[in-house]
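For clarity, every value in this text was computed on a predicted model and none was experimentally measured. Just the heavy atoms: all of them, side chains too, but no hydrogens, waters or symmetry mates, feed the values below.
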Amino acid sequence: MALDYLIFDATDNGDDTGTWEALASVDESQWPALWAEAQALLALAQRQAPGPRGPQEDGGVWDADLQEGRDGPWRTLTGPWEWGEALLAGQQADH
């Protein structure tokens with residue numbers, strides 16, 4: 001799956017976990033394609049999940065948050081560093 005809109009910035013949390021924040025800025029005509037890309041990425045994360053989804057303090061191993069803004073969705077993934085890096089390997093935007 002190649003990403004056309006979402007651009008990720010990774011942060012190593014220092015405890016073998018990471019946070020990957022994605023941002024995209026699109027015009028209104030590109031919104032459906034961006035939304036589909038964000039949903040497809042979440043589906044891929046769920047299929048390749050390293051354990052239960054949810055906050056770490058509640059026993060979750062990974063989690064995702066989607067916030068919708070005027071320019072498009074903002075996706076944040078958190079989870080084991082190796083899982084996140086493998087999930088996003090090759091998922092570069094084609095800009």
Side-chain angles (χ1 to χ4, degrees):
M1 168 185 165
L3 299 178
D4 294 319
Y5 302 100
L6 295 170
I7 299 171
F8 281 85
D9 181 37
T11 302
D12 184 343
N13 296 337
D15 59 357
D16 292 327
T17 67
T19 300
W20 296 265
E21 292 183 300
L23 186 61
S25 181
V26 299
D27 62 38
E28 193 171 327
S29 69
Q30 295 170 311
W31 172 252
L34 173 56
W35 181 253
E37 183 172 287
Q39 293 303 102
L41 182 60
L42 180 58
L44 178 64
Q46 289 174 333
R47 284 192 305 274
Q48 296 180 4
R53 180 178 175 183
Q56 244 182 345
E57 59 271 12
D58 294 339
V61 175
W62 76 283
D63 207 354
D65 179 41
L66 175 64
Q67 299 174 11
E68 293 180 50
R70 180 177 170 187
D71 294 326
W74 173 26
R75 168 77 65 204
T76 302
L77 293 171
T78 57
W81 182 256
E82 289 183 16
W83 167 77
E85 288 294 285
L87 178 70
L88 297 175
Q91 310 295 320
Q92 298 176 352
D94 297 331
H95 295 290

*Asks:* What pair of heavy atoms forms the shortest contact from T11 to W81, and how long is it?
*Replies:* O-CZ3, 3.4 Å

*Asks:* More than 12 heavy atoms of other residues, nucleotides or ligands under 6.0 Å from CG of D58: yes or no?
*Replies:* yes

*Asks:* Please report the interatomic distance CG(L42) to CZ(R47), rounded to the nearest 0.5 Å.
*Replies:* 10.0 Å

*Asks:* Would you name the heavy atoms of G59 and P52 that are closest together and state the gap between them?
*Replies:* O-CG, 3.8 Å

*Asks:* Looking only at heavy atoms, which two atoms of G18 and N13 are closest? And how far apart?
*Replies:* C-ND2, 3.4 Å

*Asks:* Could you tell me the separation between the CG atom of D12 and the OG1 atom of T19, rounded to the nearest 0.5 Å?
*Replies:* 9.0 Å

*Asks:* Other residues, nucleotides and ligands only: do more than 12 of their heavy atoms fall within 6.0 Å of CD on Q48?
*Replies:* yes

*Asks:* Of all the heavy-atom pairs spanning A45 and L87, show the shortest one and how long it is.
*Replies:* CB-CD2, 3.8 Å

*Asks:* When you compare the side chain of D4 with that of L34, does any pair of heavy atoms fall below 4.5 Å?
*Replies:* no

*Asks:* What is the ring orientation for W62 with W83, classed by angle as parallel under 30°, tilted 30 to 60°, or perpendicular over 60°?
*Replies:* tilted

*Asks:* What heavy-atom pair brings P80 and V61 nearest, and what distance separates the two atoms?
*Replies:* CD-O, 3.3 Å

*Asks:* Could you check whether atom CD of Q46 has more than 12 heavy atoms from other residues, nucleotides or ligands sitting under 6.0 Å from it?
*Replies:* yes

*Asks:* Return yes if some donor-acceptor pair links the side-chain N/O of E85 with the main-chain N/O of E82 below 3.5 Å, else return no.
*Replies:* no

*Asks:* Less than 4.5 Å apart, any side-chain heavy atom of L41 and any of F8?
*Replies:* yes

